[in-house]
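Working notes, beginning with the structure itself.
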Protein chains: 2
Amino acid sequence: MSLLNDRDFCFKRPSKGPRLTELKSSDDVQLLAKNGYYIALRVGFAFPLEEVNALPAAWVDHYTTHRFMLHDPVIRWIYANTGAIAWSGIDLPDPMRVLDQAQTFGLRYGVAVACFDGNREGQRSFGTFARSDREFERAEIDALHAYVVKLHHAKAPPTNLTKAELEALKMVKEGQRLKQIAHTLGVSEGAVKQRLKNAKTKLGAQTSAQAAAMVGEFGLI
Amino acid sequence: MSLLNDRDFCFKRPSKGPRLTELKSSDDVQLLAKNGYYIALRVGFAFPLEEVNALPAAWVDHYTTHRFMLHDPVIRWIYANTGAIAWSGIDLPDPMRVLDQAQTFGLRYGVAVACFDGNREGQRSFGTFARSDREFERAEIDALHAYVVKLHHAKAPPTNLTKAELEALKMVKEGQRLKQIAHTLGVSEGAVKQRLKNAKTKLGAQTSAQAAAMVGEFGLI
DNA sequence: AATGGACTCTCCAAAAAGGAGAGTACTAAT
DNA sequence: ATTAGTACTCTCCTTTTTGGAGAGTCCATT
């Protein structure tokens, strides 16, 4: 029996044979990228809004200590391209033999994915996924690509927050009480509450604490 | 190359000669790095906890669009070394002529700084600073180095938070109310309050919202 | 003149914060 | 083996902060 089943993956079975369609959660990804994966979301000038690092700790250690990033052909491909490709298809030099070393950590076969949605800030997202037993199939590569694109869009920062709302959230995040905030801004406490309420609605947050943390992570304040 | 040296831990200067006073704030840095600067704090596997980007918007745009990062000799130096150096002293190839292009954006003379404090996660911090009118002086380079080291230490994540405290903070950050948290954890609401109170004390936070945002930014939850 | 959006306010109920006190668990020193 | 110290956990009680409903103002657009 395949490790992939309906519950884990969401197959569709159209006319010809089983088809992998959509990865819903990190669990689904874990099943495909058995030996680890790494996703960086919304990389701007140099760094991302969020990263998911599910690579083996030993490899992360080795990679960090040797500062492989700038020499890693996978990273180089990701920075230079958009789309998805198997590691084996990347035609770039690997003078530090990063990929060979990766193999000794169980990262033998892999996929690199990069996407960009034409946003003004030039933010890009990318991921790399690995397994040791066999090469990834085309449908799997496409599914991983779609997954990263989905996360990329999900992490699009909200654009409808007003200046006043962001201002209030910033002050909440900095540990100020409503009374202080109101005083500093020269408005009523109720006004501050209303701003926070609007912000929470727009962000889908349950509490001001959550809303403040969210805008912080989006880099909006 | 030594990863660790005295200068990484404390900034002292011998008594003789004019001494550049310590850089206290980003304003001080702005005065020195007239044409812009960039600081990345606590870069782990690949990305930092925080970045300060005060480079000219046009350059950031150009740099991002052309994905210079992997080709930038300054970045390559920073990843490979510890200490501080004038751009002009970096002896690395620049096939994409990143530095030449930087000049056309007012970034003519510059300094690169990198530091590492021997922490377990291998986190490093670095910065690069630019001006167009003249080369940086040795004392200025040292002061900028000290500034980055200071920020690096300031961003050291607290290590004294208990599992219970982090757990509570995480749930606050996710928008849960104390009642919910208490129920989920199977403890009294008072217990949750106490955990949050301890966390706030340890973090020097005024409110739970602030504490939750802080641990989030430290990457502790 | 009407509509919609952002902002403001008040009042009341619900939630969170803060203080004091006390029990438990584990460590290090006597 | 006892003791002291430290860190963590919990309860109870009071005060302060917050959240939520409803309504009003101001302003730009239609």
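A note on names: the letters A, B, ... follow the listed sequences, proteins ahead of strands, and every chain is numbered from 1. Note that the coordinates shown come from a computational prediction; the quantities given were computed from them, not determined experimentally.
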N53(A) and Y37(A): side chain donor to acceptor below 3.5 Å: no

Q194(A) side-chain proximity, nearest of dA20(C), dG22(D), dA17(C): dG22(D)

Shortest side-chain distance from K200(A), nucleotide among dA17(C), dG19(D), dC9(C): dG19(D)

Touch class at under 4.0 angstrom, heavy-atom based, for S208(A) against every strand present: sugar-phosphate

Touch class at under 4.0 angstrom, heavy-atom based, for N198(B) against every strand present: base

Touch class at under 4.0 angstrom, heavy-atom based, for K202(B) against every strand present: sugar-phosphate

Of the listed nucleotides dC9(C), dC7(C), dA17(C), the one nearest the side chain of T162(A): dC7(C)

Shortest side-chain distance from E189(A), nucleotide among dC9(C), dC10(D), dT18(D): dT18(D)

Whole-Å gap separating P (dA17(C)) and CG (L169(B)): 11 Å

Length of the line joining E167(B):CD and dC8(D):P, which is rounded to integer Å: 14 Å

Minimum-distance nucleotide to K179(B) side chain [options: dC7(C), dA17(C), dA15(C)]: dA15(C)

Straight-line distance of F218(A) CZ to E50(A) CD, nearest 0.5 Å: 8.5 Å

Gap separating the CD atom of E189(A) from the CG atom of L178(A), nearest 0.5 angstrom: 5.5 Å

Nearest-nucleotide comparison on DNA chain D, the residue closer to the 5′ end among G190(B) and N160(B): N160(B)

Full working for salt bridge (charged side-chain N to carboxylate O under 4.0 Å, His left out) between K173(A) and E217(B): CA-CA 11 Å; K173(A) 192 174 97 110; E217(B) 294 193 348; 2.3 Å; yes

Note: D117(A)-R42(A) ion pair, threshold 4.0 Å (strictly below): yes

Phosphate contact (dT10(C) OP1 or OP2) by K193(A) side-chain N/O below 4.0 Å: no

Side chain of R177(B) - closest among dC7(C), dG20(D), dA17(C): dG20(D)

For atom CD of Q206(B) and atom C1' of dT17(D), their distance in whole Å: 14 Å

Rounded distance (Å) that lies between atom P of dC8(D) and atom CG of L196(B): 14 Å

Enumerate the protein-to-nucleotides 25-29 of chain D contacts in which both atoms are nitrogen or oxygen and the separation is below 3.5 Å.
none

For atom CG of L178(B) and atom P of dT17(D), their distance in whole Å: 16 Å

Separation of H71(B) NE2 from F68(B) CZ (nearest 0.5 Å): 8.5 Å

Electrostatic pair K163(A)-E167(A), nearest N-O below 4.0 angstrom: no

CG on N35(B) to CD on Q103(B), rounded to 0.5 Å: 11.5 Å

Rounded distance in Å - CG (L166(B)) to C1' (dC8(D)): 14 Å

Touch class at under 4.0 angstrom, heavy-atom based, for K197(B) against every strand present: base

R195(A) side chain, from C-beta outward: closest of dC10(D), dT9(D), dT8(C): dT8(C)

Phosphate OP1/OP2 of dC9(C): any S188(A) side-chain N/O under 4.0 Å: yes

